[in-house]
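What follows is one structure encoded as structure tokens, with my remarks underneath.
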Protein chains: 2
Amino acid sequence: MSRTGSRTTGRPTLAEVARLSGVSPITASRALRGVSTVAPALAEKVMAAAASLGYIANPAARALASARSHSVVVLIPSLSNQLFIDTLEAIHEVMRPRGLEVLIGNYHYDIAEEENLIRNYLAYQPCGMLLTGFERSEGSRLLLNASQVPRVHMMELGGEAGALSVGFSQFEAGRAAARHLLQRGRRRLAFIAAQLDPRVMQRAEGFRQALVEAGLQATELEVLDPQPSSIGLGGELFSRLLAKAPDVDGIFFCNDDLAQGAVLQALREGIEVPRRVAMVGFNDLPASAHMVPPLTSIRTPRAAVGRSAAQALLGLLDGKRVGAEQQDLGFELMVRESS
Amino acid sequence: MSRTGSRTTGRPTLAEVARLSGVSPITASRALRGVSTVAPALAEKVMAAAASLGYIANPAARALASARSHSVVVLIPSLSNQLFIDTLEAIHEVMRPRGLEVLIGNYHYDIAEEENLIRNYLAYQPCGMLLTGFERSEGSRLLLNASQVPRVHMMELGGEAGALSVGFSQFEAGRAAARHLLQRGRRRLAFIAAQLDPRVMQRAEGFRQALVEAGLQATELEVLDPQPSSIGLGGELFSRLLAKAPDVDGIFFCNDDLAQGAVLQALREGIEVPRRVAMVGFNDLPASAHMVPPLTSIRTPRAAVGRSAAQALLGLLDGKRVGAEQQDLGFELMVRESS
DNA sequence: GCGTCCTGAGACAGCGCTACCTTAGTGACC
DNA sequence: GGTCACTAAGGTAGCGCTGTCTCAGGACGC
């Protein structure tokens, strides 16, 4: 069989399964989809026939006929952050056993790129979408609303009425970091943030709020850099901050890689952590517990967010909209030697 | 018109584009696909009509009619390794501008899971596949050969005759690590490996070979652990090795995260690097240059592998099989203070 | 002037599946 | 006993595209 020019796939089709099991194609279709109106005995016969032929439904034909695919689109702002990898992995674990394909779109923290991805992925007629947070372009919003595709938002809570979200309060996480440092007796508190996506800004806001409550706000100790977060940048921003404000005694880093870079930079410069300056990171990436000294960090439930968001979406697909609109999975302060 | 719209997508169709531009649907189809037999003037009219309607071709209908989709399947053994993230990103950069969807399959270093993924993804009638290395199950091999889907292998070189591969010699990389340590005057050389996938074993083999050539082979200094590679494991294996063989003066780690863990462990234990023991990592992950001391590592062309593999696949799809069967992109030893 | 080639355009017929409607068969109910 | 739900199966007709064949018309050669 030559590949080019052949219009058929060469794979077994539903019609063959039907013939082999002695039923009509439509009954075979229903049996394989688990539609309840098929007698158990027949269904079993169809399953057996399908298995013996190695039949796998053609997703293109299926999508065309039913005007919806068995794909779920996940849009995330970055792949280079371990955070989203863990979330993705958990989503896969929920979706694959249900026969749902996961299409991953990385929009590189660019809402215009996200809009393009949405436009393109909607052509695939996904049965659901998992989105990161709530900030998006007006065009994206229009596309999503017009499409009526069920969706769940991840990582942040809130959003417009009726929106399902699974995550935790980024604001409270930032506040918790500040409170911890205050509890440790630190008074000149700084925060260092990069990337400056909405979630980072919410954490920063929470941190600020705690300082205001303690009467210790110090806007001159806020370092906000729009560059992507990285270990190198963390070291750099840390050095710069210390040069500018040598009396800083506690720092909250809005991402763990920044904090890791700072810990390493402190080692190089002989700055004692936490004696001279305490450090708190965010996300509790695997490396943080192994830093010297081990890094205090806020552990975020990234796998759980993926899992719960996927399950919430499955609930929407099944029509049974279970649970609260906002699922707060919380976070955990992992206190280690850096603070 | 049927009563319910549930079978239709609600999106503009090719027929509407054709109507608006005053040509037949098939001509519109050809114009939008860039088939050359359409007069430029007509083609332009069709493009304009499509743009004004916001037309996006229905991939399901397209795949069904032509028995092949516009998807490319990429199978990788892990997502938690930054290595493959960079490769994936590069693949996306080549494929997306060509209108090709990238389907990512993570088989978690499990060739049985890979076989399942292949079986499922073949149902999507991908126009091409990018595979990692050459080790796979017999079932996978049969499926791939039966499917005739064009494919390119990444990361390793070689494979059966006619196979296209883009990567570098893992063996030579391991050998280069050993030679570097020998050049530095180290004589009691160990290697520490985890995960033990085929590429790790090839690097180990190259390392061994260099030691044999130098008459310094020491099988008692080989640490092979099947667990997934991680920072924590690196520190652990390093401590264990040093307890068992205190005279070790150089170590090659088959993955950078192992090496990073070891550097940090050495810091904690007060073991001087490189004075007492020199260290060389593999992959040159972003964090390695920021370790204390900065880690010597072998930089692998992971983004270039993705890019070139994607381009080689595009070449296959266009029928012009360009370049060599094996594209060796080499590697680079990044010498830093740890050795 | 006639046949041949070539080119650009269209007609037609599905690709493999499922939504929708219809039909046979079952028991429930008055 | 007849009507009425109600269920389980099948028939029919597409979903929105594209491969293949066909055809009109111009260029070209003898």
Side-chain angles (χ1 to χ4, degrees), chain A residues 1-19 21-46 50 53 55-71 99 122-125 127, chain B residues 1-19 21-46 50 53 55-71 99 122-125 127:
Chain A
M1 273 296 267
S2 96
R3 181 181 165 72
T4 50
S6 163
R7 298 202 63 180
T8 60
T9 59
R11 321 177 117 265
T13 68
L14 185 63
E16 291 169 49
V17 174
R19 210 174 307 133
S21 44
V23 301
S24 70
I26 184 67
T27 299
S29 167
R30 286 197 274 246
L32 292 172
R33 278 181 294 153
V35 173
S36 56
T37 60
V38 179
L42 266 193
E44 224 162 280
K45 210 154 44 158
V46 172
L53 287 174
Y55 170 78
I56 296 179
N58 181 328
R62 182 171 264 192
L64 185 57
S66 63
R68 74 155 35 191
S69 74
H70 285 207
S71 302
L122 282 179
Y124 286 84
Q125 300 169 154
C127 58
Chain B
M1 279 290 274
S2 69
R3 291 164 248 174
T4 63
S6 94
R7 295 202 67 176
T8 62
T9 60
R11 321 178 120 265
T13 68
L14 185 63
E16 289 168 50
V17 174
R19 209 174 308 135
S21 45
V23 300
S24 69
I26 186 65
T27 299
S29 167
R30 286 197 273 247
L32 291 173
R33 278 180 294 155
V35 174
S36 56
T37 60
V38 178
L42 266 194
E44 223 163 283
K45 215 160 30 162
V46 173
L53 288 174
Y55 170 77
I56 296 178
N58 181 328
R62 182 170 264 192
L64 185 57
S66 63
R68 71 151 47 187
S69 74
H70 285 209
S71 302
L122 282 179
Y124 285 86
Q125 301 169 153
C127 59

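Chain naming here is simple, since letters A, B, ... match the order of the sequence lines and numbering starts at 1 in each.
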If every non-hydrogen atom of B:L14 is compared with every non-hydrogen atom of B:A28, which pair is closest and at what distance?
CD1-CB, 3.8 Å
I'd like to check the side-chain hydrogen bond (donor to acceptor under 3.5 Å, both in side chains) partners of A:R33; sequence neighbours left out, ordered by chain and number.
A:S29
Taking all non-hydrogen atoms of both residues into account, name the closest pair between B:L32 and B:Y55 and its distance.
CD1-CE2, 3.5 Å
To the nearest Å, how far apart are B:R30 CZ and D:dC21 P?
13 Å
To the nearest Å, how far apart are A:Q125 CD and D:dC15 P?
13 Å
Distance below 4.0 Å between B:Y55 side-chain N/O and D:dC17 OP1 or OP2
yes
For nucleotides 23-27 of chain C, tabulate all protein N/O to nucleotide N/O atom pairs closer than 3.5 Å, reporting atom names and distance.
none

Nucleotide D:dC17, atom P - distance to CZ of B:R19 in whole Å:
12 Å
B:A50 and B:V17: which non-hydrogen atoms are nearest, and at how many Å?
N-CG1, 3.9 Å
Please report the closest heavy-atom contact between A:P59 and B:A123, naming both atoms and the distance.
CD-O, 3.1 Å
With B:A43 via side-chain contact (heavy atoms from CB on, under 4.5 Å) - residues at least two apart
B:A31, B:V38
Whole-Å gap separating P (C:dC17) and CZ (A:R68):
19 Å
Rounded to whole Å, how long is the line connecting atom CZ of A:R62 with atom C1' of D:dG16?
18 Å
State whether the distance check finds a donor on one side and an acceptor on the other, under 3.5 Å, for side chain A:R11 versus base C:dG16.
no
Taking five pairs at each terminus, the helix from C:dG1-D:dC30 to C:dC30-D:dG1 shows an axis bend, to 10°, of 50°
Does the side chain of B:R33 get closer than 4.0 angstrom to OP1 or OP2 of D:dT18 through an N or O atom?
yes
d(NZ, B:K45; P, C:dG8) in whole Å:
16 Å
Would you kindly give the CG-to-C1' distance between A:L32 and C:dT18, to the nearest whole Å?
12 Å
Using the 3.5 Å cut-off, write out each protein N or O paired with an N or O of nucleotides 24-26 of chain D and the distance between them.
none

Please state how far atom CG in B:L14 lies from atom C1' in D:dT18, giving the value in whole angstrom units.
9 Å
What's the shortest heavy-atom distance between B:Q125 and B:A63, and which atoms?
NE2-O, 3.6 Å
Which atoms of nucleotides 12-14 of chain C (N or O only) lie under 3.5 Å from a protein N or O atom, and what are those distances?
from, atom 1, to, atom 2, distance (Å)
C:dG14, N2, A:R7, NH2, 3.2

It should be established whether A:T9 places a side-chain nitrogen or oxygen under 4.0 Å from OP1 or OP2 of nucleotide C:dG16.
yes
Against the side chain of A:S24, the closest entry in D:dA9, C:dG10, D:dG10 is D:dG10
According to side-chain contact (heavy atoms from CB on, under 4.5 Å), who are the partners of A:P25, at least two apart in sequence or on a separate chain?
A:A18
So, is B:S29 near the phosphate of D:dT18, with a side-chain N or O under 4.0 Å from OP1 or OP2?
yes
Between C:dG16, D:dG16, D:dT20, which one does the side chain of A:A61 approach most closely?
C:dG16
Is B:T27 near enough to C:dG10 that one of its side-chain N or O atoms lies under 4.0 angstrom from OP1 or OP2?
yes
Hey, does the side chain of A:S66 come within less than 4.0 Å of C:dT18's phosphate (OP1/OP2), counting only N and O?
no
The criterion is side-chain contact (heavy atoms from CB on, under 4.5 Å); which residues satisfy it with A:E16, sequence neighbours excluded?
A:P12, A:T13, A:R19, A:L53
Got a donor-acceptor contact below 3.5 angstrom from the A:S21 side chain to the A:K45 backbone?
no
Give me the atom names and distance for the closest heavy-atom approach of A:C127 to A:R68.
CB-NH1, 3.9 Å
Side-chain contact check for A:L64: nearest option of C:dA9, D:dC15, D:dC17 is D:dC15
Is B:A60 touching bases, backbone alone, or none of the nucleic acid, heavy atoms closer than 4.0 Å?
nothing
Would you please name every residue forming a side-chain contact (heavy atoms from CB on, under 4.5 Å) with B:A61, sequence neighbours left out?
A:L64, B:N58
